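Only one structure is covered here, and it is reproduced in the block below.
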Amino acid sequence: MRVTLLGTGDATGMPAALCDCEYCEQSAPRRRPAVLVESGDTTVVLDIGPDLVDQLQQTETYQVDAFFLTHFHRDHADGLLGLLQTLRSGTETAWNGAGDAHSFDLHMTETATDHLRDSFDYFLDLLEPTWSPTGVSIGELEISPFAVEHMRPEYETVGFVVREGDRAIAYAPDMESFVDEPPATDIDLFVCEGSPFVGLNHGPADELSAAIAKLDADRTVLVNASEHARREHTHELEKNAQAAGAELGADFEEYTIQ
Ligand SMILES: [Zn+2]
Ligand SMILES: [Zn+2]
């Protein structure tokens, strides 16, 4: 499977709005966290933040089988508006009567669906979110959620393991630790919360370090990074990531897992 980091930034994103600091000026852009996973004809996207349209266009992704949401914080969920409007207006071919409008599945916890209902209930009719706590199979991919500590219980935050045969990646952009045991011990690539090391601190560094060590992935790549928030340049963030036994993520970096 091919994994592309669609975004490696924090809620602010980089450059930050209205900011001309040297860190925003000299660093590569960081969009809000999301990951694209492709396997054969199957495409899934993990997280649906406000940069979604840009992220899909930059990677020339025009067909997605399913979107998965980690939690209903706006920096992970605000791309839902773009998806909804696309469904509402139909595609160009649909307008011409020459093809079908896009369709995709949307997987989010019932708690996240409740948050969506509270803020924009009209989204639910078209987006029709569903949730399976044990995961789903799409093509060759198996996608299963695992519970993480991050603003629980109000936000029932999860990460996802995506498996193709005996290969697996894990994605948990906002987490302090696992709620239970680590979801697997054979993870090839862990796209992981990195804010205690490379961004604005979400939680204690020692707890997160312990969780990363427990999962023991072959490679751990940190997201939720921000040169702007830390007032540190990219090479300093890279050093911080290395000290944490990990690597610093960059937008649109690709990993082939086979
Ligand atoms: Zn800045
Ligand atoms: Zn969050």
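Read the numbers this way: they start at 1 and go in the same order the structure lists the ligands and their atoms. It should be emphasised that the depicted structure is a prediction, and the values quoted were computed from it without experimental measurement.
Here the two rings, on Phe67 and Phe104, have centers that are under 6.0 Å apart. Between His73 and Tyr155, the distance separating the two ring centers is shorter than 6.0 angstrom. Annotation: His228 is not in aromatic contact with Tyr23 [ring centroid separation under 6.0 Å not met].
The Zn ion (ligand 2) has His71 NE2, His73 ND1, His150 NE2, Asp174 OD2 as its protein N, O or S neighbours under 2.8 Å.
Side-chain contact between Val37 and Thr43 is absent, with no heavy atoms from C-beta onward closer than 4.5 Å.
In this structure, Thr157 contributes its side chain and His150 its backbone to a donor-acceptor pair below 3.5 Å.
Screening Arg30, Arg74, Arg32 against Asp51 for a salt bridge (charged side-chain N to carboxylate O under 4.0 Å, His left out) leaves a single residue, Arg32. No option in Glu140, Glu164, Gln258, Arg167 other than Glu164 meets the side-chain hydrogen bond (donor to acceptor under 3.5 Å, both in side chains) test with Ser39.
The N, O or S atom of His228 with the smallest distance to the Zn ion (ligand 1) is ND1.
Rounded to the nearest 10 degrees, the angle SG (Cys24) to the Zn ion (ligand 1) to SG (Cys21) equals 110°.
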